Structures are given as C-alpha cells and as structure tokens.
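All values reported here derive from a predicted model rather than from experimental measurement. Residue numbers start at 1 and run along the sequence shown. Read the numbers this way: they start at 1 and go in the same order the structure lists the ligands and their atoms.
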Amino acid sequence: MSVRLTAWYCGLFSLSLAILFGFVYWTLDATLRKANNELLHAQVKQFADTYRDSGIAEIQRDASQKRSDEFLIRVADAQNRTLFASLPDGDALGPDALRALESRVILPTERLFTVSVGKGGSFEFANTNLKNGSLLQIGRNGSRRHIILGHFVASCVEVAFPVLLMALAGGALMANRALRPLSDLTATVQGIVATGNLDARISQEYTAGELRDLVISFNRMLQKIEALVEGMRGVLDNVAHDLRTPITRLRGVAELALRHPGDLPGSQEALADCVEESERVITMLNTLMDISEVETGAMKLHLERVDVAELARQLTDFYGEVAEDRGLTLCLSAEGACETVADENRLRQAVANLLDNAVKYTPEGGRVDVGVKQTAGQVLVTVRDTGIGIPPEDLDRVWERLYRGDKSRSQRGLGLGLSLVRAIAQAHSGDCRVKSGPGAGAEFTLRIPVRQRP
Ligand code: ADP
C-alpha cells in the first residue's frame, strides 16, 4: 500500500512537472520566435528605408559594415535574380540558404517565411517589396533558437532528476506517515488476535483528521470491549463462586442422609433441604438468563394493559404480612389511574424485588412507603424505606449482577434483584433510579413510559 501510494504520488508529480516544463518550453519557443520576427521586421524596415532614400549602393555599404552580423541580406529583382547578397559571418549554412532563396519564388505577400537548409537546419526570413518590383529579404539562422531551447531542455533534465529523487523520498515519507496509523491498527488487531490481550491501544501521535477520529473510535471500542470482557469474567467468577456454596451444601446434606439409611425423617428433611437449595440455584440461573436476555435484546415481553396501581396494591397486601412479622409499617398511596401497556408478570417481578429489598433492609420499627402515580407520560412506582440505606460509593454498584452490599450479607439474597429490576425497566424503555445515604433509608423509583397499544 505504501509503495503503491508513493508510486502514485511520484507518477502524478512527474506528470505535473512534465506539463510545467512543456508549458515553459512552448512559451519560451513562442517568445523567441516573436522576438526573432520583430528583429527581422525591424531590419527589413530599416534596409527598405535606406533603399528608398539612397538606393542599393547604400544597402551594400550598410551591409558591408555589418559583415560580422548574423543576418543574410538579399536584394532580388522581379525575376528572383540576386542583385545583392550579404551572407552572415561564419555561418556555414549561409550559402545554402542563399541558394534556397534563389531556387524558390517568394511572393511579396509572404512577409515571413522559413527555408530548410542542410540537415535539420532552417533560416527564418522577413520579406518586403521594394520599388521596381524587387524584393528585400533578410534572414537569420533558426538554429540559435534551437540552441537556446536545447539549453533549456538540458537544464530541465538536470533539475528534474534530483527533484524527482526528492519527490520519491518525500512521497515515501508522506505515504509512510499517512499510513502509519493503519499499520498500527493492523498490528494492534493482529496482536489482539494472537495474544487475546485487549489492553493494546493505537498511538495517536502521527494521526490527524479522519484517521485520528478512526484511531480514537477504535481505541474507545477496544476499551469498551475490554470492560465488557472484564465484566463477563467477573460475572462468571461470581457465578462460579455463588454456585459452589449451595451445591456443596446440597452435596453435604445428601451425603449425610445417605450415611443414615434407616433415618426416614432425617432423609426427608435432607430431601427438603436439597429441593430448597436446588430451587435457589435454579432461581439464580433463571434470573441471570433473564438479565442476559434483556441485555442482548432477546427478552420477549407479553404486552397487555396493566393497572400498575392495582398491581402495587396486590403486592403491598402480599408483603403486608411479612412487614407485620418484622414490625414494619407498610403503606401504599396510589394517585388516580395508572395504566399502561406492559408485561404484567415482569412488572410484578420488578416491584416485588424493590418491596422485598425494602422490607429486608429495614430494621424493626421502620417504615416502607409505596407510591404509584402517573406523570409526564410515565408511570412512577416509588418504594421508600427508613432502613440501613446505601453508602454513596455503592450507589452505582447495586445494579451490578451478583453485587451485595457489605451490610446486607446477613440477609438472604443473590445480589441479582436490582439487576433484574433495571433490566425489566429497560426492556420497557424505562429505568430505575435510587436515592439513598448510609442510615438514611433508600428510595427506589421505577419509571415505565405510558403506552396505549402493545
Ligand atoms: P440482594 O438484595 O439479593 O443482595 P439486590 O440486587 O436486590 O441483591 O441488591 C443489591 C444490594 O443493594 C444489596 O445487597 C444491598 O446492599 C443494596 N440494597 C438494595 N436495596 C436496598 C435497600 N432498600 N436498602 C438498603 N440497601 C439496599
């Protein structure tokens, strides 16, 4: 890629250079021609004036004084016979040019003309009509122009070679610099594929513009993937850890029962323990799968019209007894109709988890308030308690899978309740937020947008 880019750059540069040189060559040629023609015209005019004023003898005198000059001067009669000719000094092609003039009939209207002489040589002439039908022709060897143009071409070639070399070096440098982020990107991807190490990043040192945006986005993507993989690793570790405890307990209970085959009541108790433990494992796995389904967008909602106030009332009744047993006051306040289209079972699961936590984490004598209201196109379910509260550093973490607060470990729980609540809220395009402080109780607000149709 780098070589191809350099080749393209050099190709285009050479083409531009050739066009530039061509244009200068053409302009120089045209300028030299014009200057030559003007000079010839001036000479013709001067000698014609001399002829008109003083006749051919004066032309002869003027020409002999200018013998060292580069002009061929010829006066011919109406039959193209040479009356007078003066050849340019030291120009071997002069006699040939004169012969060419004598063998060719030039009309007085041909003001400028060129005759070929020798091998590739030429003479350029200006021509004018004198009195008596005679012609005055003054010419100059065209090779002078060719020599200047030749010098120009030679200089161009001399300049072009180092310039092209510099362009090649510059092109290679630029291509290398421009493609460096792409090479870095390829190297990084290959490194990740080979080692699985996601903490590699691409340097932004040599990037600018769109490539810089690409590098930044790529690094961000890597960062996100790394965080996701880390998160998944953490969840897997936690799941493995959290599964080991109930399964070890299950095995212990079963082994103990097997050691006393005659003890029927003991065996039955062991079986009941086993069922309870396996229930716990199944609940944990099901909840984990529910959360994953929401995160991957695979959760199927059975949408129907739900009266959220009624749902909260049923749950408050259900938890009323538990609250009473724990010496808590549980109150519900529902404002007006709070209906929306949602998955009733999932919604029940979410509100139940919030209520369950409130009852669980509020010590005896405390209070739990459940509020339901509809506002700004949303149904809000608020569960407020006067319990142990959540320290500020845990406020974000309580939504993580399998996270359990330090002070909560004495209570039963899997650390999955709030993750599921948030997942269900998100599956309904809503959300769940918490306000709390240590010892100041907690207030969870579940927001579900009001929908009229499934
Ligand atoms: P679990 O209750 O099974 O531990 P959750 O996901 O429901 O798991 O809650 C995560 C953590 O959030 C809890 O361990 C607890 O520390 C904290 N938490 C949740 N609800 C409350 C609450 N009402 N009061 C105080 N802490 C709470």
Parallel, tilted or perpendicular for Phe21 and Phe152, by the 30°/60° rule? perpendicular
Between Glu310 and Gln314, is there a side-chain donor-acceptor contact under 3.5 Å, judged purely by atom types and distance? yes
Check whether the side chains of Asp199 and Asn197 place a donor and an acceptor atom closer than 3.5 Å, and report yes or no. yes
So, the side chain of His428 versus the backbone of Asp343: is there a donor-acceptor pair under 3.5 Å, distance only? yes
Check whether any side-chain heavy atom of Arg433 lies under 4.5 Å from a side-chain heavy atom of Phe444, and answer yes or no. no
Let me know which of Asn219, Val215, Val193, Leu222 forms a side-chain contact (heavy atoms from CB on, under 4.5 Å) with Thr188. Leu222
Ligand 1: protein residues within heavy-atom distance under 4.0 Å: Asn357, Ala358, Lys360, Tyr361, Asp385, Ile388, Gly389, Ile390, Val398, Tyr403, Arg404, Gly405, Ser408, Gly413, Leu414, Gly415, Leu416, Gly417, Leu418, Ala442, Phe444
